[in-house]
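I have placed the structure first, in the form of structure tokens, so that the comments after it can refer back to it.
Side-chain atoms are counted along with the backbone in the values below, which use heavy atoms only and exclude waters and symmetry mates. Proteins come first, then strands; the chains are lettered A, B, ... in the order of their sequence lines, and each starts at number 1.
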Amino acid sequence: MREERVRVLKVGEEKRGPVLYWMSRDQRASDNWALLFAQSLALEKKVPLGVVFCLVEDFLGATLRQYGFMLRGLDEVKTSLEERNIPFFLLQGTPGTEIPRFVREENVGSLVTDFDPLRIKRAWKKTVMENVTLPFYEVDAHNVVPAFIASPKEEYAARTFRPRISRVLDEFLDGFPDPVNHPFPWRRKKAAGEGGAERLPSLPLDRTVGEVPWLRPGTAAGMGALEDFVRNGLAAYPGSRNDPVRDGQSQLSPYLHFGQIAPQRVALAVRSAPVSPEAKKVFLEEIVVRRELSDNFCLRNEDYDSLEGAPAWARKTLHDHRRDRRPYRYRTEELEGAETHDPLWNAAQMEMVKRGKMHGYLRMYWAKKILEWTGTPEEALDIAIGLNDKYELDGRDPNGYAGCLWSIGGLHDRAWPVRPVFGSIRYMNDRGARRKFDVDAYIRKVASL
DNA sequence: ATCGGCTCGCGCAA
DNA sequence: TGCGCGAAGCCGAT
């Protein structure tokens, strides 16, 4: 593994004791650089290795839908790790309290965690850091090119970020080593406690948004979806990705969001697939450049989920058009209930509510119409992020924040001809959608869900 | 079907 | 200081 993936969060005092990987964003037992680094430390010191996940009861308003997908995936992680003599502990509570307590109780010698640019995760790590004395490392197991290496600043657009990735991609896109059994058993084993899915009934969750039956959670299912896409979808991807009727997208984003599969595994599979160089290029642009640009945005911009995070030209133009007349106005509840005059928008909203996933092209259209139909750009952004985080399996992800800001706040985009309400933010309408795909067929498809 | 204009600012060449 | 060009478009002219 390239050592640039590792950042020392705290030098700490070296002492003998097991190595603990505090798993957070990258919820998988293989293809995980943070786990691999933790194991290499443990092997070097000849000590046990354990993995802990801290279950927060109310993570940014997450729902049964998202907790169900996550906890069922974690149960698979537990099984896979235990087969390799690595215990998995599912704690419940605030990481700032629970991780330092676990470290003390089990006499942990070194602590490793994975990388996440979101501010709540950074705040947790800061508290943990202040409450432990041992060495504490962070490994970017989510990005092919680690976010701290990719760029030292907030990038202006994909075109400024792309060359930074291309320069070093070959160095970082290396293969994952095979998992190995850990030779040193964890001794004073804390009581294992209930499994993840068993805890679902007792968690204080929003149960109005139920689990989705059509997408099976976990690493095995995610790897299956990847295999299926590479075999049956990748070749046609450039032509079908913007057609929500054909559904030419990879369906991998929920697995990627919860870290159940590694983006790097996806990139490796695509790179060696027997398809045209063009198809590979188009998909790698999505899976590497665009996805990692979202991490760059959230890492380098404190205001990644508010209009303050939008570029200055965009904030100005939206402000200049603040008082423009809005021909349609909807309240949050009307939007949430898919009760607008626009059947395409309603269908997109219904697809998200029912399936936990909205097609990529429609996400842009959907968010831009919220800007057009609500009182202020700030309100529009709050509603878009709120609905996305409530219903999408991949809510609360850097990609979601960057996507909403792209649609509403001109992020990573350029100026376009001036329109009412939008100013020079790129405008979209259903005529454009009709040029691209059979809108009525899509509406019928959603109605039959 | 295809094309140009719309419009802004970064990054690089000079 | 000038210039090319960009994350998924729209619209009207041809």
Side-chain angles (χ1 to χ4, degrees), chain A residues 150-167 236-250 253 263 278-279 281-298 300-301 304 309-321 324 327 342 344-345 348 357-372 377 384 388 397-439 442:
Chain A
S151 172
K153 60 175 181 133
E154 182 187 352
E155 290 295 328
Y156 188 76
R159 71 167 189 280
T160 64
F161 187 59
R162 192 176 298 111
R164 292 181 181 274
I165 294 294
S166 307
R167 272 202 291 274
Y237 181 77
S240 63
R241 62 173 170 154
N242 278 343
D243 185 344
V245 182
R246 288 170 67 188
D247 221 0
Q249 296 198 309
S250 68
S253 68
E278 173 65 11
K281 201 188 97 194
V282 171
F283 189 77
L284 286 172
E285 168 78 12
E286 308 291 316
I287 195 74
V288 181
V289 176
R290 260 184 41 195
R291 213 179 37 73
E292 303 196 359
L293 179 59
S294 302
D295 260 37
N296 166 268
F297 173 60
C298 293
R300 306 296 185 189
N301 190 321
Y304 58 75
W313 68 266
R315 290 203 308 276
K316 179 174 186 304
T317 194
L318 286 169
H319 185 72
D320 291 344
H321 292 268
D324 289 359
D342 176 355
L344 174 58
W345 193 94
K357 205 161 178 307
M358 191 190 299
H359 188 277
Y361 173 82
L362 288 169
R363 287 192 195 201
M364 303 184 279
Y365 175 79
W366 173 86
K368 284 181 181 292
K369 292 296 138 182
I370 298 177
L371 170 62
E372 192 174 345
N388 184 71
D397 190 277
N399 286 299
Y401 299 121
C404 286
L405 261 140
W406 180 86
S407 298
I408 293 170
L411 178 74
H412 301 153
D413 204 8
R414 57 161 157 155
W416 293 87
V418 173
R419 294 257 179 179
V421 184
F422 287 77
S424 43
I425 302 291
R426 182 196 300 253
Y427 174 75
M428 289 173 79
N429 62 9
D430 66 332
R431 287 181 55 195
R434 285 180 191 281
R435 278 194 293 273
K436 281 197 181 349
F437 62 93
D438 186 344
V439 167
Y442 171 72

Exercise. Grab the CZ-P distance between Arg431(A) and dA8(C) for me, whole Å please.
Key: 20 Å
Quiz prompt | Among dA8(C), dT7(B), dG11(B), the nucleotide that comes nearest once only the side chain of Val418(A) is considered | solution = dT7(B)
Quiz prompt | Residue Asp413(A), side-chain heavy atoms: nucleotide from dG9(C), dA8(C), dG9(B) that is nearest | solution = dA8(C)
Quiz item: Taking the six-membered ring of Trp313(A), is NZ or CZ of Arg315(A) closer than 6.0 Å to its centre and within 45° of its axis?
Solution: no
Quiz item: Whole-Å distance between dG9(C) P and Glu372(A) CD?
Solution: 17 Å
Practice problem: Would you mind reading off the distance between Trp416(A) atom CH2 and dG5(B) atom P, rounded to a whole angstrom? | Solution: 14 Å
Quiz item: So, is Arg414(A) near the phosphate of dG9(B), with a side-chain N or O under 4.0 Å from OP1 or OP2?
Solution: no
Quiz item: To the side chain of Met428(A), which of dG11(B), dA8(C), dC10(C) is closest?
Solution: dC10(C)
Quiz item: For the pair made of CG in Leu411(A) and P in dC8(B), what is the distance, rounded to whole Å?
Solution: 18 Å
Quiz item: Pro417(A) has a side chain; which of dA8(C), dC6(B), dG9(B) sits nearest to it?
Solution: dC6(B)
Quiz item: Does a nitrogen or oxygen in the side chain of Arg435(A) sit under 4.0 Å from OP1 or OP2 of dC10(C)?
Solution: yes
Quiz item: Can we say Asp295(A) and Arg291(A) salt-bridge, meaning some charged N sits less than 4.0 Å from an Asp/Glu carboxylate O?
Solution: no
Quiz item: Which is true for Trp313(A) with a 4.0 Å heavy-atom rule: it touches a base, it touches only sugar-phosphate, or it touches nothing?
Solution: sugar-phosphate
Quiz item: Whom does dT7(B) pair with, Watson-Crick or G-U wobble, provided both distances fall under 3.5 Å?
Solution: none
Self-check item: Residue from Lys153(A), Glu155(A), Glu154(A) passing side-chain hydrogen bond (donor to acceptor under 3.5 Å, both in side chains) with Ser151(A)
Solution: Glu155(A)
Self-check item: Residue-phosphate contact under 4.0 Å: Lys153(A) side-chain N/O, dG11(B) OP1/OP2
Solution: yes
Exercise. Measure from OH on Tyr156(A) to C1' on dC10(B) and round the result to the nearest Å.
Key: 7 Å
Exercise. Round to the nearest Å and state the distance from Arg426(A) atom CZ to dC6(B) atom P.
Key: 17 Å
Quiz item: For atom P, what is the distance between dA14(B) and dC5(C), given to the nearest Å?
Solution: 14 Å
Exercise. Return the orientation label for the Phe283(A) and Tyr237(A) ring planes: parallel under 30°, perpendicular over 60°, tilted otherwise.
Key: perpendicular
Practice problem: Only one of Met428(A), Lys369(A), Met358(A) passes side chain to side chain contact (heavy atoms under 4.5 Å, CB included) with Met364(A); say which it is. | Solution: Met428(A)
Quiz item: dG5(B) and dG4(C): how far apart are their P atoms, nearest whole angstrom?
Solution: 14 Å
Quiz item: Has Lys368(A) got a side-chain N or O lying under 4.0 Å from the OP1 or OP2 atom of dG9(C)?
Solution: no
Self-check item: Evaluation steps, side chain to side chain donor-acceptor pair (under 3.5 Å), between Tyr401(A) and Asn301(A)
Solution: CA-CA 11 Å; Tyr401(A) 299 121; Asn301(A) 190 321; over 6 Å; no
Practice problem: Hunt down the Watson-Crick or G-U wobble partner of dA8(C), both distances under 3.5 Å, from any strand shown, or write none. | Solution: none
Quiz item: Hey, is the side chain of Asn242(A) poking within less than 4.0 Å of OP1 or OP2 on dA8(C), counting only N and O atoms?
Solution: no
Quiz item: Taking the side chain of Ala415(A) as heavy atoms from C-beta outward, which of dC10(B), dT7(B), dA8(C) is closest to it?
Solution: dT7(B)
Practice problem: Round to a whole Å and report the spacing from CZ of Arg167(A) to P of dG11(B). | Solution: 12 Å
Quiz item: Can you tell me how far C1' of dA8(C) sits from CD of Glu286(A), to the nearest Å?
Solution: 8 Å
